[in-house]
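Worksheet for the structure shown next.
Naming: A, B, ... by sequence-line order, numbering from 1 per chain.
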Amino acid sequence: MRYWLVKSEPSTYSIHDFEEEKVAIWDGVRNYQARNFLMQMEPGDLVLFYHSNAKPPGVVGLARVRRARVVDPTQFDPDSPYYDPKSNLDRPRWITAELEHVETFPQMVPLSELRERFSPEELILLRRGNRLSVVPVPEAVFKEIVRLAHEA
DNA sequence: GCCAACGTTGGC
DNA sequence: GCCAACGTTGGC
């Protein structure tokens, strides 16, 4: 059982979109390091949902891995912005996971608070220049973030 | 809107 | 294989 954080721009796909849809294939990730993390996800893993490019940016909800190592269908769709002509059906290049919505937090945990409470060493998200849209989160950090999201 | 950081592309 | 140019991410 592992813990993760995924980023999404709310203007593209927000926690509210996810709450309505309930289940989503986490498609469109086109970075090998992020993909390698996606491929390590297992059913039952818990995933923090982070709004990037938002005002303010921060952790806004919780998801759970429903299916592991799902082929990202958008890589084969010429009409998709995520189409990858170099991928092929026999050896798909982009593998992801299917997530289910667990909770939209009663209060978001903004990036500024994450910076106050955690170090860049323990939370990859905080490392300078980090652009990975999928990162692992240590259990203790995960639990603390969930606690903060429910604090009165 | 700015710009630092980073990834990718393509000429050589 | 190197690396300059370019594109993207994402906080501010």
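- Taking atom CZ on Arg127(A) and atom P on dG7(B), their separation rounds to 13 Å, with Å as the unit.
- The closest side-chain donor-acceptor pair between Arg93(A) and Gln75(A), if any, does not fall under 3.5 angstrom.
- Counting to the nearest Å, the P atom of dC12(C) and the CG atom of Leu126(A) are 10 Å from each other.
- Distance CG (Asn53(A)) to C1' (dC2(B)): 13 Å, rounded to an integer number of Å.
- The distance between atom CG of Leu132(A) and atom C1' of dT8(C), rounded to the nearest whole Å, is 14 Å.
- For the pair Asn31(A) CG and dT9(B) P, the interatomic distance rounds to 12 Å; values are reported in whole Å.
- Contact annotation: Lys7(A) does not reach the phosphate of dT9(C) (side-chain N/O to OP1 or OP2, under 4.0 Å).
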Show me the protein contacts with nucleotides 4-6 of chain B, counting only N or O atoms at under 3.5 Å.
from	atom 1	to	atom 2	distance (Å)
dA5(B)	OP1	Arg128(A)	NH1	2.2
dA5(B)	N3	Arg131(A)	NH1	3.1
dC6(B)	OP1	Arg128(A)	O	3.2
dC6(B)	O2	Arg131(A)	NH1	2.3
dC6(B)	O2	Arg131(A)	NH2	3.2

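- Residues from residues 107-124 of chain A that place a heavy atom under 4.0 Å from any atom of DNA chain C, listed by number: Leu111(A), Arg115(A).
- Residues Pro10(A) and Asp17(A) approach most closely at O-OD2, 4.3 Å, considering heavy atoms.
- The distance from the CG atom of Asp45(A) to the CH2 atom of Trp4(A) is 6.5 Å, given to the nearest 0.5 Å.
- At a threshold of 4.0 Å, the pair Glu42(A)-Arg67(A) does not count as salt-bridged, since none of the basic side-chain nitrogens sits closer than that to a carboxylate oxygen.
- Classification of the Trp26(A)-Phe49(A) ring pair by plane angle, with boundaries at 30° and 60°, yields perpendicular.
- Atom C1' of nucleotide dG7(B) and atom CG of Asn36(A) are separated by 14 Å, given to the nearest angstrom.
- No hydrogens or angles considered: a donor-acceptor pair under 3.5 Å links the side chains of Thr74(A) and Arg30(A).
- Although no hydrogens or angles enter the test, the distance criterion places no donor-acceptor pair under 3.5 Å between the side chain of Thr96(A) and the main chain of Asp72(A).
- Side chain of Ser52(A), nearest nucleotide from dG10(C), dT9(B), dG7(B): dG10(C).
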Show the atom names and distances, to 0.1 Å, of all donor-acceptor pairs under 3.5 Å that link a side chain in residues 144-152 of chain A to residues at least two apart or in another chain.
from	atom 1	to	atom 2	distance (Å)
Glu144(A)	OE1	Arg147(A)	NE	3.2
Glu144(A)	OE2	Arg147(A)	NH2	3.0
Arg147(A)	NH1	Glu151(A)	OE2	3.1
His150(A)	ND1	Val146(A)	O	2.7
His150(A)	NE2	Glu103(A)	OE1	3.3
His150(A)	NE2	Glu103(A)	OE2	2.5

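- We find the CD-CZ distance between Glu122(A) and Arg117(A) to be 11.5 Å, quoted to the nearest 0.5 Å.
- Asp84(A) places its CG atom 11 Å from the P atom of dT8(B), with the value rounded to the nearest Å.
- Rounding to whole angstrom units, NE2 of residue His51(A) and C1' of dG10(C) are separated by 14 Å.
- For the pair Tyr50(A) and dT9(C), the criterion of a side-chain N or O lying under 4.0 Å from OP1 or OP2 is not met.
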